[in-house]
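Quick caveat, the model's predicted, so the values are computed rather than measured. Letters go in sequence order (proteins before strands), and every chain restarts at 1.
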Amino acid sequence: MTVVTRFAPSPTGFLHIGGARTALFSYLYAKRFGGKFLLRIEDTDRERSTQEAVDAIFEGMAWLGLKSDFDEIYQTRRFDRYKEVVQQMLAAGTAYHCYASKEELEQLRAEQMARKEKPRYDGRWRPEPGKTLPTPPAGVQPVVRFRNPADGQVVVRDLVKGEIVFDNRELDDLIIARADGTPTYNFCVVVDDWDMGITHVIRGDDHVNNTPRQINILQALGATPPAYAHVSMILGSDGAKLSKRHGALGVMEYRAMGFMPEAMLNYLVRLGWSHGDQELFTHEEMIAKFDFDHVSASPSRFDMEKAYWVNHQYLKTADLGLIAGEFDWHLRRLNLDPANGPDLKAVIEQQRERCRTLLEMAEKSKFFFADLDGYNEKDAAKHLTAESATLLEALDHALAALPDWDVPALHAAVNGFAETRGLGLGKVAQPIRVACCGMAVSPPIDQTLFLLGRERTLARLKAAVSFARSKT
RNA sequence: GCUCCCAUCGUCUAGAGGCCUAGGACGGAGCCCUCUCAAGGCUUAAACCCGGGUUCGAAUCCCGGUGGGAGCGCCA
């Protein structure tokens with residue numbers, strides 16, 4: 001049997017971190033067993049579903065590289081099928097019409113709560129042998145309810161939580177089709193998972209309580225229930241639940257913060273899952289090693305510091321071309337022209353060790369791609385002094401005389417310059433940094449000047465000299 | 001309220017009864033290296049929620065408590 005998993009978000013917002021991890025686990029599990037992974041848009045709630053959200057989810061999935069093996073599926077395009085199954089169940093007696101109004105049900109719930117009972121449908125329209133049903137009120141469109149077994153138990157063998165037992169007495173008859181005829185969530189999932197041959201349902205653990213009902217519906221349909229894996233949720237760093245109001249960010253916002261998609265995946269896969277002490281995984285390793293035996297049942301917190309660290313590991317080691325694509329995106333976002341400067345890969349090679357994010361890298365590389373917009377105040381005060389002006393002026397001449405503008409030549413020139421003057425390299429390099437980069441932080445000075453190029457370097461040295469002299 | 005889930009350093013976790021005087025990683029502290037910032041190397045502080053059992057032996061199994069969380073919609 002080939003494994004088929006699915007990621008089934010409802011398009012009511014962007015793809016958040018928890019959803020991304022669920023998608024990743026589903027994807028990895030399918031790939032691990034040479035199976036298929038599909039994306040299904042659960043848009044049966046037409047009030048809340050939006051096209052923007054659908055697009056946002058696709059965008060997030062694409063950025064992360066979680067490709068579906070099929071075209072996306074929309075539940076709204078499967079209404080005929082759901083109706084067909086509802087009719088089937090009605091005919092089989094596993095579902096029935098219920099004419100209770102919303103007001104009526106609300107009152108029922110209120111009464112039950114007051115009596116400290118679990119609020120649930122009381123089965124007033126549920127057909128029983130020998131029971132006389134009320135007469136349907138005129139002009140009321142009924143909903144369709146599933147006839148849940150009255151007793152017995154449902155055992156969910158959850159891949160992460162183990163065996164969970166539910167008493168059927170705790171389950172009421174849920175609505176599977178609204179008065180307007182549209183199907184509801186719990187029903188659509190069941191029909192879809194069944195029709196699409198889903199073998200493993202991997203989802204957030206806020207769904208565990210739905211699982212026994214879904215299993216009952218499946219059984220009423222004569223279908224074999226899939227395996228379930230309920231993954232616990234991801235909390236904010238303060239341990240509070242993530243929500244739009246509280247720190248829930250879309251995956252694309254992590255892109256804006258400067259994360260590599262591969263790093264994001266790596267951080268996410270380790271959140272709740274482990275493989276011994278291993279922290280870093282290639283895409284292939286994730287696929288080969290992922291399993292539910294080592295998925296934690298308890299919720300975990302999103303730790304930004306660790307995420308940054310993982311990202312940094314990727315920046316330090318990933319293929320330059322791969323990084324360049326994202327780096328380019330960030331430069332443009334800062335209104336910089338990637339073409340107006342050194343080769344991106346060469347810049348990345350020099351900056352990758354000192355930046356935890358691509359955003360940071362772009363910001364620290366501005367001076368390679370645009371004219372200086374002034375000097376960092378503190379750095380200039382410290383390093384662009386009257387005496388360093390003399391130094392920089394001499395350096396300007398020395399460097400201008402260089403026959404070749406390459407790293408060894410620049411290295412020799414700057415070091416030799418410092419040596420002949422009996423100065424430590426720092427005394428020379430720091431003023432150059434501020435002059436050429438606008439600040440006292442940059443890659444090694446020889447590399448920096450090389451990448452900056454002769455023209456820009458010499459011009460900036462001259463500008464710094466007059467700047468230093470202009471301040472009294 | 002009812003049902004269900006969860007519980008190892010601040011955080012992510014290793015740990016499937018003896019290998020645990022509890023390991024790794026992030027973050028923290030300190031030292032070394034150093035042209036800046038980093039990176040790197042070394043050292044260090046830091047945890048089995050509590051109480052009962054089971055067992056020769058429990059972080060690991062069972063029960064109870066406590067504390068968190070989820071669900072209880074004609075939402076998904």
Per atom distances to the A:R301 side chain, the nearest of B:rA76, B:rC74, B:rU11 is B:rU11
Base, sugar-phosphate, or nothing for A:N210, non-hydrogen atoms under 4.0 angstrom? base
**Request:** Assign A:E170 to base, sugar-phosphate, or nothing according to its heavy-atom contacts below 4.0 angstrom with the strands shown.
**Result:** sugar-phosphate
*At under 4.0 Å between heavy atoms, what does A:Y267 touch on the DNA or RNA strands: base, sugar-phosphate, or nothing?*
nothing
*Give one of base, sugar-phosphate or nothing for A:I164, where a contact means two heavy atoms less than 4.0 Å apart.*
sugar-phosphate
In Watson-Crick or G-U wobble terms, with both distances under 3.5 Å, the base opposite B:rA70 is B:rU3
Comparing A:S101 with A:E117, nearest RNA chain B nucleotide closer to 5' gives the residue A:E117
Margin query: Taking only side-chain N and O atoms of A:T44, does any of them lie within less than 4.0 angstrom of OP1 or OP2 on B:rA76?
Written below: yes
ask   = Heavy atoms under 4.0 Å, any strand shown: does A:S298 hit a base, just sugar-phosphate, or nothing?
value = sugar-phosphate
Checklist entry - Within less than 4.0 Å of OP1 or OP2 of B:rU13, is there a side-chain N or O belonging to A:S300? => result yes
Ring centres under 6.0 angstrom apart (A:Y375, A:F467):
yes
Assert: residue with more 5' nearest nucleotide on RNA chain B, out of A:D206 and A:S237, is A:S237
Could you tell me if the side chain of A:L334 sits less than 4.5 Å from the side chain of A:E363, heavy atoms only? yes
Q) Looking only at atom P, what distance separates B:rG65 and B:rC2, rounded to whole Å? A) 12 Å
Among the nucleotides B:rC35, B:rC72, B:rA70, whichever has the atom closest to the side chain of A:M233 is B:rA70
A:F166 atom CZ is separated from B:rG71 atom P, nearest whole Å, by 13 Å
A:W273 atom CH2 is separated from B:rG15 atom P, nearest whole Å, by 12 Å
**Request:** May I ask you to verify whether the side chain of A:D277 and the base of B:rG23 hold a donor-acceptor pair under 3.5 Å?
**Result:** yes
Checklist entry - If the C1' atom of B:rG15 is compared with that of B:rU8, how far apart are they to the nearest Å? => result 9 Å
In terms of the angle between their ring planes, are A:F281 and A:H275 parallel, tilted or perpendicular, with boundaries placed at 30° and 60°?
perpendicular
Closest of B:rG71, B:rC35, B:rC26 to the A:E305 side chain is B:rC26
Against the side chain of A:V441, the closest entry in B:rC37, B:rA76, B:rU13 is B:rC37
Item to complete: Just call it for A:P299: base, sugar-phosphate, or nothing, with non-hydrogen atoms closer than 4.0 Å on any strand.
Response: sugar-phosphate
Check your understanding: Is there a donor and acceptor pair closer than 3.5 Å between the side chain of A:E279 and the base of B:rG24?
Key -> yes
Considering only heavy side-chain atoms of A:R356, the closest of B:rU13, B:rG27, B:rC74 is B:rG27
Closest of B:rU36, B:rC74, B:rU13 to the A:S274 side chain is B:rU13
_Could you check whether the side chain of A:R433 and the base of B:rC37 have a donor-acceptor pair of N or O atoms closer than 3.5 Å, going by distance alone?_
no
Base, sugar-phosphate, or nothing: which does A:P9 touch, judged by heavy atoms less than 4.0 Å apart?
nothing
Item checked: Validation row, ring centre A:H230 to ring centre A:F292 under 6.0 Å -> no
Scanning all shown strands, the Watson-Crick or wobble mate of B:rG18 with both distances under 3.5 Å is B:rC56
**OP:** Pick base, sugar-phosphate or nothing for A:A100, based on heavy-atom distances below 4.0 Å to the nucleic acid.
**Re:** base
Using Watson-Crick geometry (N1-N3 plus N6-O4 or O6-N4) or G-U wobble (N1-O2, O6-N3), each under 3.5 Å, B:rA39 is paired with none
From CZ of A:R46 across to C1' of B:rC74 the rounded distance in Å is 14 Å
| request: Using a heavy-atom cut-off of under 4.0 Å over every strand shown, decide if A:A297 touches base, sugar-phosphate, or nothing. | output: sugar-phosphate
pair_partner(B:rA47), Watson-Crick or wobble, both distances < 3.5 Å, evaluates to none
By the Watson-Crick or G-U definition, both distances under 3.5 Å, B:rA25 is matched with B:rU11
Between A:H294 and B:rG15, is there a contact of a side-chain N or O with OP1 or OP2 at under 4.0 Å? yes
Charged N-O contact under 4.0 Å between A:R157 and A:E163: yes
Checking B:rC74, B:rC35, B:rA38 against the side chain of A:H312 (C-beta onward), the nearest is B:rA38
With the side chain defined as heavy atoms from C-beta on, A:K364 is closest, among B:rC37, B:rG71, B:rC74, to B:rC37
Task: A:R109 side-chain N/O to B:rG73 phosphate OP1/OP2 under 4.0 Å - done: yes
### Message
Can you tell me if A:H207 is stacked onto the base of B:rG71, using a 5.5 Å centroid cut-off and an angle below 30°?
### Response
no
**Message:** Tell me if a side-chain donor or acceptor on A:R356 pairs with a main-chain N or O of A:V310 at a distance below 3.5 Å.
**Reply:** no
Whole-Å distance, A:K306 NZ to B:rC9 P, equals 14 Å
key: A:R40 side chain near A:D192 side chain, heavy-atom distance below 4.5 Å   = yes
Taken to the nearest whole Å, CG/A:N186 to P/B:rG71 is 13 Å
Closest heavy-atom pair, A:M89 versus A:I176, reported as atoms and distance to 0.1 Å, is SD-CD1, 4.2 Å
Separation of B:rC12 atom P from A:N266 atom CG, nearest Å, is 17 Å
message = Say we look at B:rA38 and B:rG27: how far apart would their P atoms be, to the nearest angstrom?
response = 12 Å
### Query
Is A:G204 touching bases, backbone alone, or none of the nucleic acid, heavy atoms closer than 4.0 Å?
nothing
- Query: Are A:N266 and A:E262 close enough that a side-chain donor and a side-chain acceptor fall under 3.5 Å?
  - Reply: no
**Message:** Using a heavy-atom cut-off of 4.0 Å across all strands, would you classify A:K102 as base, sugar-phosphate, or nothing?
**Reply:** base
To the nearest angstrom, the CD-P distance between A:E47 and B:rC74 comes to 14 Å
Below the 4.0 Å mark, does B:rG40 have OP1 or OP2 next to a side-chain nitrogen or oxygen of A:K316? yes
Checking B:rG24, B:rA76, B:rG1 against the side chain of A:K116 (C-beta onward), the nearest is B:rG1
Separation of B:rA76 atom P from A:Y82 atom OH, nearest Å, is 11 Å
